[in-house]
Q: 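Dropping the structure in here first, questions after.
Atoms within each ligand, like the ligands themselves, are counted from 1 in listed order.
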Amino acid sequence: MEQADIIYLARMLRRRSGLLLGQPKTHAIESRLAPVMRRFGFKDVDALIRELRHGRDALARAVTEAMTTNESSFFRDRAAFERFRDAVLPALLMQRAATRRLRIWSAACAAGQEPYSIAMILHDRKLLAEGWTIDLIATDLNSEMIARAELGVYSHFEVQRGLPARSLAAHFNQAGGVWRINESLRRMVTFRQFNLLDSFGWLDDIDVVFCRNVLMYFDPKTKAHVLDKIGEVLAPDGYLLLGPVETSQGLSNDFAPTDATCGVHVKAGRALPRVAMG
Ligand SMILES: C[S@@+](CC[C@H](N)C(=O)[O-])C[C@H]1O[C@@H](n2cnc3c(N)ncnc32)[C@H](O)[C@@H]1O
């Protein structure tokens, strides 16, 4: 690949998704783009980039999706999910006792491990049985990830990463060497393809936003922009959960971290509910 093509690709990727390409090796880019080359019938990556420069939107979209990193696992960074289960959720249940309605958004859900981890916690807490209405929305830029997440089928390797044996037995069925999430949990989650750079107009009044391990791929300006928009759709007494290496500090005045390690943020200037402080 020519240096000029790498620069073109990096600029396109940043414009369309906020993702920074960094300094990847040519073969790393080529292996990410190999499925797109096959799908669109290009003999090599140079031909693909040539066509990309002609502005074919479907191709640009496929290339952008192929360049995303979709690494995830159930209950990733376990302490953060424990904090959600043991501190954020109990506080929220008190805050929403009058409406008995929760709106939770997993904003970069990859193949669904994050929203299904949330669904398992809500299910184990018996909230639906107790008459709560749960809106659990899960979105990702990558349409293949959304399709996978909607299927709710995982390999043995995927369920072995982070999922306690008890949760596996309680919430999955094994068939033909793969594990399928129980239908009741699958139906708890509404999946939708969504780019965090697009308008948040369809989202409102969210109680908890999980935006984990995605801002870290963006430049500071894009991080600040996305945090601003999350601030607009998060309820005034809502919670934002970032990944362990992500922070709102220096990027947004809208949020204040509640702890140093678990990524739980509240709106700035708000008194922290005691129970949510753990
Ligand atoms: C590393 S995964 C993190 C998944 C999950 N949140 C976790 O913590 O395990 C990052 C996800 O962000 C998605 N992503 C990247 N850029 C995005 C954007 N602009 N809008 C929405 N999702 C994006 C990728 O497709 C990928 O699935």
Side-chain angles (χ1 to χ4, degrees), residues 9-22 24 32-33 35-36 60-84 104-121 136-152 154 157-163 189 191-203 206 208-230 233 239-247 261-265:
L9 188 63
R11 285 169 60 93
M12 186 206 79
L13 199 59
R14 187 169 176 178
R15 208 174 50 247
R16 295 187 75 105
S17 67
L19 296 171
L20 293 176
L21 194 53
R32 291 258 180 135
L33 294 183
V36 185
R61 220 172 322 124
V63 166
T64 306
E65 291 190 18
M67 295 304 293
T68 58
T69 301
N70 311 116
E71 172 73 14
S72 192
S73 56
F74 292 99
F75 301 101
R76 180 174 182 180
D77 316 312
R78 174 175 299 274
F81 282 89
E82 287 173 355
R83 185 95 166 139
F84 170 70
I104 301 177
W105 175 32
S106 165
C109 68
Q113 292 94 330
E114 182 174 280
Y116 287 136
S117 301
I118 301 166
M120 283 183 244
I121 291 173
L136 180 46
I137 305 157
T139 61
D140 199 280
L141 170 79
N142 189 316
S143 55
E144 268 181 43
M145 286 299 119
I146 290 296
R148 271 211 61 198
E150 272 180 322
L151 268 184
Y154 299 92
F157 173 72
E158 287 170 315
V159 296
Q160 276 188 327
R161 294 180 66 203
L163 193 60
V189 190
F191 290 99
R192 169 176 172 162
Q193 183 189 18
F194 177 61
N195 185 341
L196 288 166
L197 299 198
D198 288 346
S199 163
F200 280 34
W202 62 282
L203 290 155
I206 308 288
V208 190
V209 176
F210 284 74
C211 186
R212 307 189 71 247
N213 304 304
V214 61
L215 292 185
M216 63 190 192
Y217 297 106
F218 296 163
D219 62 78
K221 201 169 146 208
T222 310
K223 288 181 199 188
H225 178 62
V226 171
L227 284 169
D228 262 7
K229 294 202 292 180
I230 291 176
V233 301
Y239 300 86
L240 164 65
L241 273 74
L242 299 178
V245 300
E246 297 165 332
T247 179
T261 51
C262 293
V264 178
H265 290 64

Q: Among Asp228, Val233, Ile206, which one satisfies side-chain contact (heavy atoms from CB on, under 4.5 Å) with Phe200?
A: Val233
Q: Below 4.5 Å, heavy atoms only, C-beta onward: do Val63 and Arg32 meet side chain to side chain?
A: no
Q: Evaluate the ring planes of Phe194 and Trp105, with Trp represented by its six-membered ring, and classify them as parallel (under 30°), tilted (30 to 60°) or perpendicular (over 60°).
A: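 Phe194 and Trp105: tilted rings.
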Q: Residues in side-chain contact (heavy atoms from CB on, under 4.5 Å) with Ala108, at least two apart?
A: Asp140, Val214
Q: In order of chain and number, which residues sit within 4.0 Å of ligand 1 by heavy atom?
A: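 These residues qualify: Ser17, Leu19, Thr68, Thr69, Asn70, Glu71, Ser72, Arg76, Ala108, Ala110, Glu114, Asp140, Leu141, Asn142, Phe194, Asn195, Leu196, Arg212, Asn213, Val214, Tyr217, Phe218.
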Q: Between Arg78 and Ser73, is any side-chain donor less than 3.5 angstrom from a side-chain acceptor?
A: no
Q: Would you please say whether a donor-acceptor pair under 3.5 Å links the side chains of Glu114 and Ser72?
A: no
